[in-house]
Peer 1: 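Please see the structure below; I have some questions.
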Amino acid sequence: MSNLVADVHDLKSRLEWGQPAFTIIDVRDRHTYNHGHISGAISIPLDDLADRAKSALHKERHIYVYGEHDAHTAHAAETLRAAGFIDVSEIQGGLNAWKTVGGATEGI
């Protein structure tokens, strides 16, 4: 089981090089997500994550996850790992770190 911590620079370069075999999940609430999120991220609030992960996500894809803060992100990653997802990386610093490196965002 890999407990990966993702660096926003690594994720940004993967996106820029067009490596599509991964999913980015925003586990913040829907309202917060709508106000701004990493481009391409899907919204699955943490409260719904355990229920929705198995139907919404592919087990063989690499998953990047981020939340309100690093502890929130870590909890989401543990939830995914408990649901049988092995290749899960936590985006350290979340959306703020992503914006700092000039990563693309969507939202209001």
Side-chain angles (χ1 to χ4, degrees):
M1 189 181 296
S2 56
N3 287 341
L4 293 171
V5 171
D7 181 274
V8 286
H9 294 91
D10 296 340
L11 178 57
K12 187 167 182 273
S13 65
R14 280 191 78 175
L15 280 170
E16 287 169 352
W17 286 99
Q19 295 181 8
F22 62 87
T23 301
I24 303 170
I25 303 172
D26 184 323
V27 297
R28 302 170 305 156
D29 65 71
R30 179 76 67 172
H31 176 77
T32 307
Y33 170 86
N34 288 341
H35 275 273
H37 54 270
I38 294 174
S39 290
I42 60 171
S43 174
I44 306 179
L46 185 56
D47 293 343
D48 302 333
L49 190 58
D51 294 333
R52 288 189 46 205
K54 286 182 178 160
S55 61
L57 305 171
H58 298 284
K59 280 211 164 66
E60 60 278 359
R61 286 172 78 90
H62 189 134
I63 297 171
Y64 288 93
V65 63
Y66 71 99
E68 293 285 350
H69 44 74
D70 288 345
H72 192 228
T73 300
H75 184 67
E78 285 307 312
T79 300
L80 288 166
R81 292 179 189 121
F85 294 88
I86 295 165
D87 209 357
V88 178
S89 296
E90 301 163 28
I91 302 174
Q92 291 299 105
L95 186 60
N96 288 336
W98 180 249
K99 287 178 178 174
T100 300
V101 297
T105 60
E106 299 170 327
I108 300 166

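Here the structure is a predicted model, which means the values were calculated and not measured.
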Peer 1: Could you tell me the separation between the CG atom of Leu80 and the CD1 atom of Ile25, rounded to the nearest 0.5 Å?
Peer 2: 5.0 Å
Peer 1: Apply side-chain hydrogen bond (donor to acceptor under 3.5 Å, both in side chains) to His37 and list each qualifying residue two or more places apart in sequence or on a separate chain.
Peer 2: Tyr33, Glu106
Peer 1: Taking atom CG of Asp48 and atom OG1 of Thr79, what is their separation to the nearest 0.5 Å?
Peer 2: 11.5 Å
Peer 1: Please check: side-chain N/O of Arg61 versus main-chain N/O of Phe22, any donor-acceptor pairing under 3.5 Å?
Peer 2: yes
Peer 1: Using every non-hydrogen atom in the two residues, find where Pro45 and Arg52 come nearest and quote the distance to one decimal.
Peer 2: CD-NH1, 4.2 Å
Peer 1: Using 0.5 Å steps for rounding, measure from the CG atom of Asp10 to the CD1 atom of Ile91.
Peer 2: 11.0 Å
Peer 1: Taking Tyr66 for the side chain and Ile38 for the main chain, is one N or O donor matched with an acceptor at less than 3.5 Å?
Peer 2: yes
Peer 1: Would you tell me whether Thr23 and His58 have side-chain atoms, one donor and one acceptor, within less than 3.5 Å of each other?
Peer 2: no
Peer 1: Has Thr73 got a side-chain atom pairing as donor or acceptor with Gly67's backbone, closer than 3.5 angstrom?
Peer 2: yes
Peer 1: Taking salt bridge (Lys or Arg N to Asp or Glu O under 4.0 Å) as the definition, give me every residue that meets it alongside Lys12, ordered by chain and number, with sequence neighbours left out.
Peer 2: Glu16
Peer 1: Hey, is NZ on Lys59 packed in by over 12 heavy atoms from elsewhere, all under 6.0 Å?
Peer 2: yes
Peer 1: State, to 0.1 Å, how close Asp70 and Gly94 come at their nearest heavy-atom pair, and which atoms those are.
Peer 2: OD1-N, 4.4 Å
Peer 1: Quick one: closest heavy-atom pair of Ala76 and Val65, and the distance?
Peer 2: CB-CG2, 3.7 Å
Peer 1: What residues form a side chain to side chain contact (heavy atoms under 4.5 Å, CB included) with Glu68, not counting sequence neighbours?
Peer 2: Arg28, Asp29, Thr32, His72
Peer 1: Any sub-3.5 Å donor-acceptor pair from Asn34's side-chain atoms to Gly107's backbone N or O?
Peer 2: no
